[in-house]
Peer 1: 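Okay, here's the structure, questions in a sec.
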Amino acid sequence: MKKADVFEFFRRLAEENPDPQTELEYGNVYQLLVAVVLSAQSTDVGVNKATRALFREVKTPSEMIALGEEELKEHIKTIGLFNSKAKNVIALSEILEREHGGEVPADRDSLTALPGVGRKTANVVLNSAHGAETFAVDTHIFRVCNRTGMAKGKTPLAVELGLEKKVPGPFRVGAHHWLILHGRYICKARMPECWRCPVVDLCSFKAKVLEKPGRKAKS
DNA sequence: ATCCCGAGGG
DNA sequence: CCCTCTGGAT
């Protein structure tokens with residue numbers, strides 16, 4: 001995608017959503033980290049439903065350790081992959097407590113050293129909590145970038161680097177959220193709603209869905 | 001490449 | 001029924 005089109009692309013998404021933010025609910029950076037770990041291959045709506053009660057009881061790593069793995073499982077058993085997530089969250093909390101004074105580190109290497117935290121999760125924390133100019137390439141951003149031609153790449157890392165070449169630093173934190181919201185509500189995986197897409201004319205997707213499918217004929 | 005793994009939507 | 005959801009570890 002040409003540089004002028006990239007600018008126009010985000011200008012239009014910004015028009016629709018002036019102040020885009022994470023839809024995950026949290027009260028501090030530790031809770032953000034936990035929420036993002038829980039959100040892997042799960043919807044934010046489902047994560048928020050579970051964390052609402054959990055975060056009322058647990059606000060720090062030490063409180064999570066005190067809660068314990070089995071109790072944590074009870075809180076998050078409605079979320080996919082809950083067994084491994086519970087285990088990771090407890091282990092991660094123990095490391096924060098032991099090696100980081102109970103605080104969430106603000107550098108990528110320390111974050112990705114935590115169990116259950118990969119590059120994507122680390123980038124969300126750096127971006128959302130510390131305002132770092134990074135892209136966390138999740139399933140939405142990966143799909144939207146490859147479809148539209150914003151940044152093509154076979155791996156999330158390749159897309160991340162492509163985005164960094166096209167989007168100026170100060171613009172990235174907003175762009176990150178615009179891409180996710182666009183992917184979640186319009187450029188959806190299964191049936192993209194191109195007929196109401198504000199950037200459809202800038203998009204290189206071959207299989208555009210330009211008309212809203214009508215109701216099935218009654219039998 | 002495979003496993004983990006529940007809820008919601010089509 | 002099938003697919004998808006702010007992935008990570010092996």
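Proteins come first, then strands; the chains are lettered A, B, ... in the order of their sequence lines, and each starts at number 1.
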Peer 1: For A/D44 and B/dG8, give me the distance from atom CG to atom P, rounded to whole Å.
Peer 2: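 These atoms are roughly 13 Å apart.
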Peer 1: Could you check A/G116 against A/R190 and say which one's nearest nucleotide on DNA chain C is further toward the 5' end?
Peer 2: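 First, find each residue's nearest nucleotide; the 5'-ward one identifies A/R190.
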Peer 1: What interatomic distance, in whole Å, is found between P of B/dG8 and the corresponding atom of C/dG8?
Peer 2: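 C/dG8 and B/dG8 have their P atoms separated by 24 Å.
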Peer 1: Just call it for A/V117: base, sugar-phosphate, or nothing, with non-hydrogen atoms closer than 4.0 Å on any strand.
Peer 2: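 Here A/V117 touches the backbone only, sparing every base.
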Peer 1: Which is true for A/T78 with a 4.0 Å heavy-atom rule: it touches a base, it touches only sugar-phosphate, or it touches nothing?
Peer 2: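 It contacts sugar-phosphate atoms only.
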Peer 1: Taking DNA chain B as the partner, which of residues 80-97 of chain A come within under 4.0 angstrom of it by heavy atom?
Peer 2: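 Per residue number, the list reads A/G80, A/L81, A/F82, A/N83.
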Peer 1: Reckon A/A136 touches a base, only the sugar-phosphate, or nothing at all at heavy-atom distances under 4.0 Å?
Peer 2: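 Touches nothing.
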Peer 1: Rounding to the closest angstrom, what is the interatomic distance between C/dT4 and B/dC4 at atom C1'?
Peer 2: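 So the two C1' atoms sit 15 Å from each other.
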Peer 1: Going by the rule salt bridge (Lys or Arg N to Asp or Glu O under 4.0 Å), which residues pair with A/D44 if we only count those two or more places apart in sequence or in a different chain?
Peer 2: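 Once residues adjacent in sequence are excluded, the partners of A/D44 under the salt bridge (Lys or Arg N to Asp or Glu O under 4.0 Å) criterion are A/R184.
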Peer 1: Quick check: on DNA chain C, is the nucleotide nearest A/K188 upstream (toward 5') of the one nearest A/P115, or the reverse? Name the residue that is more 5'.
Peer 2: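 Comparing both residues, the 5'-ward one is A/K188.
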Peer 1: Among all residues two or more places apart in sequence or in another chain, which pass the side chain to side chain contact (heavy atoms under 4.5 Å, CB included) test with A/Q41?
Peer 2: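 Here the qualifying residues are A/L81.
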Peer 1: Who are the salt bridge (Lys or Arg N to Asp or Glu O under 4.0 Å) partners of A/K188, not counting sequence neighbours?
Peer 2: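 Salt bridge (Lys or Arg N to Asp or Glu O under 4.0 Å) list for A/K188, sorted by chain: A/E193.
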Peer 1: Are A/V89 and A/F82 connected in the hydrophobic side-chain network, where two residues link if heavy atoms are under 4.5 Å apart?
Peer 2: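 Result: yes, single cluster for both.
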Peer 1: Please check if A/V200 and A/I186 belong to a single hydrophobic cluster, counting links between Ile, Leu, Val, Met, Phe, Trp and Tyr side chain heavy atoms closer than 4.5 Å.
Peer 2: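 Result: no, two separate clusters.
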Peer 1: Figure out the NZ/C1' separation between A/K77 and B/dC4, and round it to whole Å.
Peer 2: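 In whole Å, B/dC4 C1' lies 18 Å from A/K77 NZ.
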Peer 1: Is it true that A/K87 and A/E69 make a salt bridge, defined as a side-chain N closer than 4.0 Å to a carboxylate O?
Peer 2: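 Salt bridge absent between A/K87 and A/E69.
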Peer 1: Is A/K49 close enough to B/dG6 that one of its side-chain N or O atoms is under 4.0 Å from OP1 or OP2 there?
Peer 2: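 Looking at the OP1 and OP2 atoms of B/dG6, neither is under 4.0 Å from any side-chain N or O of A/K49.
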Peer 1: Evaluate the side-chain proximity of A/Y26 to A/V34: yes if any heavy-atom separation is below 4.5 Å, no if none is.
Peer 2: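 Contact flag for A/V34/A/Y26 side chains = no.
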Peer 1: Describe the nucleic acid contact of A/G46 in one word from base, sugar-phosphate, nothing, applying a heavy-atom distance below 4.0 Å.
Peer 2: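 Since no nucleic acid heavy atom lies under 4.0 Å of A/G46, the category is nothing.
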Peer 1: What is the nucleic acid contact for A/T121, judged by heavy atoms within less than 4.0 Å: base, sugar-phosphate only, or nothing?
Peer 2: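 A/T121: backbone/sugar contact only, no base atoms under 4.0 Å.
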Peer 1: Quick check for you: to the nearest 0.5 Å, what is the distance between A/K73 atom NZ and A/L67 atom CG?
Peer 2: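 Separation between the atoms: 12.5 Å.
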Peer 1: Taking CD in A/E103 as the centre, count heavy atoms belonging to other residues, nucleotides or ligands within less than 6.0 Å. Is the count above 12?
Peer 2: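 Result for CD/A/E103: open.
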Peer 1: For atom P, what is the distance between B/dG10 and C/dT6, given to the nearest Å?
Peer 2: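 Going atom to atom, P in each nucleotide, I get 14 Å.
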Peer 1: What's A/I79 touching, base or sugar-phosphate or nothing? Going by heavy atoms closer than 4.0 Å.
Peer 2: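 If one applies the 4.0 Å heavy-atom cut-off, A/I79 turns out to touch the sugar-phosphate alone, with no base involved.
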Peer 1: Nucleotide range of DNA chain C contacted by chain A, 5' to 3', under 4.0 Å to a heavy atom?
Peer 2: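 Contacts span C/dC2 to C/dA9, reading 5' to 3'.
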Peer 1: For A/L38, answer base if it contacts any base atom (sugar-phosphate contacts may also be present), sugar-phosphate if it contacts only those atoms, and nothing otherwise; contact means non-hydrogen atoms under 4.0 Å.
Peer 2: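 No contact at all - A/L38 keeps every heavy atom at 4.0 Å or more from the nucleic acid.
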Peer 1: Could I get the full list of side chain to side chain contact (heavy atoms under 4.5 Å, CB included) partners for A/E63, not counting sequence neighbours?
Peer 2: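 Result, side chain to side chain contact (heavy atoms under 4.5 Å, CB included) vs A/E63: A/V58, A/K59, A/T60.
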